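Beneath this line is the structure, given in structure tokens, with notes to follow.
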Amino acid sequence: MTSAASPNRVTWIDAAKGLGIILIVLGHLASVEEPSAFYIYIYAFHVPLFFFISGLTLKPGNKPFGAMLGDKARTLLVPYFCYALLGYAFYLAGYAAASAAGLSIEQFGYGPWRPLWGVLYGTLGEGRLVNTPMWFVVALFCTFVIGYLINTAVRPMALRWAMVLALAAAGILASRHVTLPWSLSSALVGLVFFQAGHTHARLGRWPVTAGRAALLCVPLLALTLASGLNGFVTLADMVLGHPLLYLVFAFAGTYATVLLVQALGPGADWLVWLGQSSMAIMVIHMLIIRVVKVALSAVLHLPIGQLETQTLPVALTGVVTAILLVPCVAIMERFLPWTLGKRRVAA
């Protein structure tokens with residue numbers, strides 16, 4: 001791709017990330033105990049979308065393995081540990097307050113050490129990772145490193161795909177018997193979407209014209225609407241339903257999203273800023289949501305359970321969260337870029 005085309009490519013990738021991060025935030029506002037049809041729909045593809053986008057940017061062999069590893073440690077592991085530990089600090093403050101008041105609160109029933117161990121272990125469940133979206137950040141690190149190695153060391157495309165599918169199958173099988181560290185089972189399934197993104201980047205299939213994107217987007221959106229056939233899925237917890245159906249609906253939703261932002265053209269420009277700030281939004285939004293829910297629970301005299309299941313409280317939580325995200329993200333980007341894996345831009 002020529003340098004002249006690069007800005008367009010980056011723009012639509014950022015727009016896709018922007019739309020994706022909106023879906024991620026929406027997916028954390030309400031309870032998933034009895035997921036709505038909308039939740040079943042977005043959970044079918046909103047996380048695979050980010051693995052796919054990451055694959056689009058892979059350039060195997062572009063730099064030595066050690067240099068790549070250092071870059072990814074800076075851009076993914078630094079944010080992971082910074083904001084996973086921030087989540088732990090939130091938990092510890094709540095735990096200390098509950099203990100001082102003599103209260104027994106389920107959310108703080110794991111003691112002071114298990115959530116800290118969870119930061120090192122990097123996988124959801126059993127009190128680990130208070131800032132739950134951080135599982136994705138560490139999983140993406142694993143996916144990127146594995147994908148880099150495969151695409152650097154293996155020449156034939158068919159063999160690359162065979163290895164990727166075998167690793168994904170191994171991840172699914174392992175998840176049924178053991179909880180692997182650093183969300184490795186999820187990372188191995190995400191590798192399928194990562195490899196698909198890289199394959200498309202190599203073939204030079206995108207971006208396409210707005211008209212063609214719109215034409216292709218409609219049937220894919222329609223197919224994704226049938227994702228209820230596979231039930232509610234969540235890659236974070238390795239709840240995939242039927243693996244083949246999971247892949248079908250995840251790819252349909254992923255491609256539909258990418259094509260949609262291309263079909264919108266300049267109409268998707270507002271999503272670009274969100275995409276460029278997607279790491280900041282990813283790592284902080286869940287903590288904001290939890291603070292907002294506690295505050296609204298106190299003000300409205302409603303238990304948090306009702307805030308997560310009733311439409312108006314869920315909508316109010318979303319509005320307040322969106323308002324608070326703007327200054328929080330601006331502060332993080334301006335004053336704490338290193339925590340997001342970014343280098344400070346010279347004035």
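Predicted, not measured: the structure shown is a model, and the values here were computed from it.
Connection of Met163 to Phe65 is established within a shared hydrophobic cluster, with ILVMFWY side chains joined at heavy-atom distances below 4.5 Å, either directly or through further cluster members. Val248 and Val258 are members of different hydrophobic clusters when ILVMFWY side chains are connected at heavy-atom separations under 4.5 Å. Both Val178 and Trp182 are members of a single hydrophobic cluster when ILVMFWY side chains are connected at heavy-atom separations under 4.5 Å. If you chain together hydrophobic residues whose side chains sit under 4.5 Å apart, Val218 and Phe45 never meet in one group.
The closest side-chain heavy-atom distance from Thr321 to His28 is not below 4.5 Å. Side chains of Ile24 and His285 form a contact here, defined as non-hydrogen atoms less than 4.5 Å apart.
Judged by distance alone, the side chains of Tyr41 and Thr224 never bring a donor and an acceptor atom under 3.5 Å apart.
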### Task
Using the side chain to side chain donor-acceptor pair (under 3.5 Å) rule, take Tyr255 and His200 through it: C-alpha gap first, then chi angles, then the decisive distance, then the call.
CA-CA 11 Å; Tyr255 284 124; His200 275 270; 2.9 Å; yes
### Query
Going through the checks in order, is the side chain to side chain contact (heavy atoms under 4.5 Å, CB included) test met by Leu140 and Ser54?
CA-CA 8 Å; Leu140 183 59; Ser54 185; 3.6 Å; yes
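Among residues two or more places apart in sequence or in another chain, the side chain to side chain donor-acceptor pair (under 3.5 Å) test is passed with Tyr95 by none.
Judged by the 6.0 Å and 45° rule, Lys72 forms no cation-pi pair with Phe141.
The backbone N or O of Ala187 lies less than 3.5 Å from a partner atom in the side chain of Thr143, making a donor-acceptor pair. Remark: side-chain polar atoms of Thr152 are not paired, donor with acceptor, to backbone N or O of Leu149 under 3.5 angstrom.
Tested against Val320 for a side-chain contact (heavy atoms from CB on, under 4.5 Å), the candidates Ile323, Leu316, Thr317 yield a single pass: Leu316.
Aromatic rings from Phe50 and Phe193 are positioned such that their centres are separated by 6.0 Å or more.
The two residues Lys59 and Tyr148 come nearest to each other via the heavy atoms O-CE1, 4.1 Å.
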